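All remarks here apply to the structure that follows.
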Amino acid sequence: MLDMKFIRENLEEAERRLATRGGASFLAGFRDLDERRRALLREGESLKAVKNNVSEEIGKVKDKSQVQDKILEMREVSNRIKALDEELKQVDDELSGVLMTVPNLPDPSTPLGSSENDNVVVRSWGEPQPFAFPAKPHWEIGEGLGILDFERAAKITGARFTLYRGAGARLERALISFMLDLHTEQHGYVEVLPPFMVNRDSMTATGQLPKFEEDLFRLADPDFFLIPTAEVPVTNIHRNEILKRSDLPICYAAYTPCFRREAGSYGKDTRGLIRQHQFNKVEMVKFTHPSESAAELEKLTANAEKVLQLLELPYRVMALCSGDIGFSAAKTYDLEVWLPGQSCYREISSCSTFGDFQARRAGIRFREDEKAKPEFVHTLNGSGLAVGRTVVAVLENFQQADGSVLVPAVLRPYMGGLERIS
RNA sequence: GGAGAGAUGGCCGAGUAGGUCGAAGGCGCUCGCCUGCUAAGCGAGUAUACUGGGAAACCGGUAUCGAGGGUUCGAAUCCCUCUCUCUCCGCCA
């Protein structure tokens, strides 16, 4: 959510910056609703002030028959207040309907552009190595080795699910442990294991609701949702809290499965592990002082990159353009890993700063010092990494001519010493 | 799932035959005083959001005693619904 006061005072600037995301005017109707809201507030609150005063006087009088006329008068006032409050509620709902569906303002450092074609390569690491044999895509490698079973997963559940088996399942688990250990032991994150289902308030706080409900899996009876990313439960850890300045930055790393409807992606990435309804991810989440969020985004991104470097997987860092960043994001770096089986780079991590956008929705604040007014923190998060896609990258980059796959050295301790999957 | 109890400010904890309660008291914390040495004592202060005025300091209004409705001139106090916590029973990884 954007700051109402900021919009009120800088409507044109806000519109201009939002326009760089593409699409229609996001703030149409804001000014009118805002003014109506404040007019209703003024009128209603001054009537309430009268009512409170008179009621207090009535309370002091022992013999109520002496103030019967005042009681009747206040009954009228009360009715008027009720009517105003109802009107106010309607306007409030409309206004928050506008506010909750307006995306974040892109950070000034976010490159301008309309689609992923306008994203900017910031740097790259490692060289894609030429293969002495035709490189296979991971689904062929995985099925060949008997470690990925897409057909049976489809039988058990449906399309876009995968059954891992043997060394495949172990590889997934090894990657999770490796990533968590790295972030907690080397990068200073606190490991958390949150609920995998969350309520509507949590989904709203991070921005998935109200606008993107169709992307989520929702439970039938309690009004809960399966998390699409650990960002949701972990960011909500501190919802409606006032943190201490000395607590910041707070850094969490969490492994969770992620559940996504992938509505509207029919026909895309239908084969293999790239686009699943359920996948594992290790997520990093930070709560920072506003003045430190830019630097923390760089560190967060570097933390994610470290995973790829240790796994010896070539990748590049992309700065997403204004037309491609997510709803809540102000600035995003995507990490794209090289996939020789498909001869392309694919997103494996997305690292973003949200400024105070999520913090305002979620009510996450801090005090500069004991007496200072609470201010919103900045929230950040990034994948470190998407585990399924990391399996993809390992299988494709470490495949051998005979169809086997070498296990990256850093993973061997997590694989019981296994050096090769064959 | 059944039966019962409860949810008050940073914490603890008063307050229910409705009335001046944003809310006693204690603790904690902040500032000052005192004290020659991290104790005791004294004084003052100590929620948040929205809103009006003001350049600002600040002043005023409204709301908030788990959440949302209702009754009433007036509700922390009465009624309804929901959520959460605790105890007992049942069930269960």
Side-chain angles (χ1 to χ4, degrees), chain A residues 1-9 30-100 193-205 209-210 218-225 233 236-248 257 356-377:
Chain A
M1 191 163 61
L2 299 179
D3 181 5
M4 270 222 291
K5 285 192 188 118
F6 176 82
I7 301 176
R8 190 179 295 151
E9 286 157 22
F30 171 83
R31 177 143 291 169
D32 180 52
L33 285 168
D34 182 49
E35 279 169 11
R36 276 169 63 201
R37 171 174 170 272
R38 284 189 290 161
L40 286 167
L41 269 178
R42 271 197 299 275
E43 190 180 351
E45 289 185 353
S46 58
L47 282 178
K48 283 175 189 172
V50 170
K51 185 191 73 173
N52 287 343
N53 281 328
V54 175
S55 292
E56 194 178 317
E57 287 172 27
I58 294 173
K60 287 178 186 159
V61 178
K62 291 265 166 56
D63 181 1
K64 299 302 182 213
S65 65
Q66 288 179 4
V67 289
Q68 201 53 36
D69 53 331
K70 279 187 177 167
I71 289 179
L72 290 174
E73 195 188 329
M74 285 310 104
R75 192 174 295 173
E76 300 275 314
V77 171
S78 228
N79 287 336
R80 176 71 185 136
I81 289 171
K82 195 171 288 185
L84 285 171
D85 276 349
E86 273 170 33
E87 202 179 334
L88 176 65
K89 187 175 186 311
Q90 281 192 354
V91 173
D92 260 342
D93 287 349
E94 274 185 68
L95 189 60
S96 69
V98 170
L99 247 32
M100 294 304 273
L193 183 62
F196 300 160
M197 301 177 206
V198 300
N199 58 32
R200 201 167 273 277
D201 285 346
S202 293
M203 280 295 185
T204 305
L209 293 179
R218 189 177 133 202
L219 271 65
D221 187 0
D223 192 27
F224 293 161
F225 297 84
N236 274 281
I237 289 174
H238 296 298
R239 171 150 53 89
N240 293 331
E241 290 184 11
I242 299 178
L243 305 166
K244 283 194 231 124
R245 173 68 181 94
S246 56
D247 291 338
L248 305 178
D356 61 9
F357 186 86
Q358 290 182 327
R360 180 172 292 105
R361 284 179 164 234
I364 308 170
R365 296 173 291 174
F366 76 100
R367 287 184 213 275
E368 188 68 51
D369 58 69
E370 301 269 357
K371 282 180 283 191
K373 260 183 57 179
E375 298 173 61
F376 292 111
V377 302

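Scope of the values below: all heavy atoms of this structure, side chains included, with no hydrogens, waters or symmetry mates. Throughout, a chain's letter reflects where its sequence line sits, starting with A, and its residues are numbered from 1. Treat the numbers as computed from the prediction; the structure is a model and nothing was measured.
- Going from atom CZ of A:Arg360 over to atom P of B:rU48 covers 17 Å, rounded to whole Å.
- Taking atom P on both B:rG2 and B:rG13, the two are 30 Å apart, rounded to the nearest angstrom.
- Within the 4.5 Å cutoff, no side-chain heavy atoms of A:Ile364 are placed close to those of A:Gln358.
- To the nearest angstrom, P of B:rC84 lies 7 Å from CZ of A:Phe224.
- Rounded to the nearest 0.5 Å, atoms CE (A:Met1) and CE (A:Met100) are 6.0 Å apart.
- Counting only heavy atoms from C-beta on, A:Ser55 has its side chain closest to B:rC73 among B:rC73, B:rC50, B:rU20.
- Per the geometry, CD1 belonging to A:Ile242 stands 16 Å off P belonging to B:rU46, to the nearest Å.
- Nucleic acid contact class of A:Arg200 (heavy atoms, under 4.0 Å, all strands): none.
- Between the P atom of B:rU72 and the CD atom of A:Gln68 lies a distance of 14 Å, rounded to the nearest Å.
- A distance of about 44 Å separates the P atoms of B:rC65 and B:rU38, rounded to the whole Å.
- Each of A:Gly59 and A:Asp34 was matched to the nucleotide of RNA chain B holding its nearest heavy atom; the match closer to the 5' end belongs to A:Gly59.
- No more than 12 heavy atoms of other residues, nucleotides or ligands lie within 6.0 Å of NZ in A:Lys89, so this atom counts as exposed by the packing criterion.
- Defined by atom type and a distance below 3.5 Å, a donor-acceptor pair is missing between the side-chain atoms of A:Ser55 and A:Asn52.
- Atom P of nucleotide B:rC73 and atom NZ of A:Lys60 are separated by 20 Å, given to the nearest angstrom.
- Separation of the P atoms belonging to B:rC84 and B:rG70 is 24 Å when rounded to the nearest angstrom.
- At a threshold of 4.5 Å between non-hydrogen side-chain atoms, the residues A:Met203 and A:Val198 count as touching.
- Toward the 5' end of RNA chain B, the nearer of the two residues A:Gly44 and A:Val54, judged by each one's closest nucleotide, is A:Gly44.
- Considering only the side chain of A:Ile58, B:rG19 comes nearest among B:rU48, B:rG19, B:rG61.
- At least one side-chain nitrogen or oxygen of A:Arg367 sits closer than 4.0 Å to the OP1 or OP2 atom of B:rU48.
- Using a 4.0 Å cut-off, some side-chain N or O of A:Asn52 falls inside it from OP1 or OP2 of B:rU62.
- For the P atoms, the distance from B:rA14 to B:rG1 is 32 Å, rounded to whole Å.
- The distance between atom CZ of A:Arg75 and atom P of B:rC73, rounded to the nearest whole Å, is 4 Å.
- If you take CZ of A:Phe376 and C1' of B:rA49, they are 10 Å apart, rounded to a whole angstrom.
- A sub-4.0 Å separation between OP1 or OP2 of B:rA49 and a side-chain N or O of A:Arg365 is present.
- The P atoms of B:rU87 and B:rA44 are separated by 43 Å, rounded to the nearest whole Å.
- Rounded to an integer number of Å, the gap from A:Leu47 CG to B:rU51 P is 19 Å.
- Between the C1' atoms of B:rA63 and B:rA75, the separation comes to 14 Å (whole Å).
- Between A:Arg218 and A:Asp223 there is a salt bridge, since a side-chain N of the basic residue sits under 4.0 Å from a carboxylate O of the acidic one.
- Contact check, A:Ser78 against B:rG74: a side-chain N or O comes under 4.0 Å of OP1 or OP2.
- Nearest to the side chain of A:Leu41, among B:rC50, B:rC73, B:rA63, sits B:rC50.
- If you check every strand for non-hydrogen atoms under 4.0 Å, A:Lys5 touches sugar and phosphate atoms only.
- Comparing B:rC73, B:rU62, B:rU51 against the side chain of A:Ala49 picks out B:rU62 as the nearest.
- The environment of CD in A:Gln90 is sparse: at most 12 heavy-atom neighbours from other residues, nucleotides or ligands sit within 6.0 Å.
- Between A:Arg42 and B:rG61 there is no side-chain polar atom (N or O) within less than 4.0 angstrom of OP1 or OP2.
- Between the C1' atoms of B:rU83 and B:rA24, the separation comes to 30 Å (whole Å).
- A:Lys82 comes within 4.0 angstrom of the backbone, heavy atoms only, and of no base.
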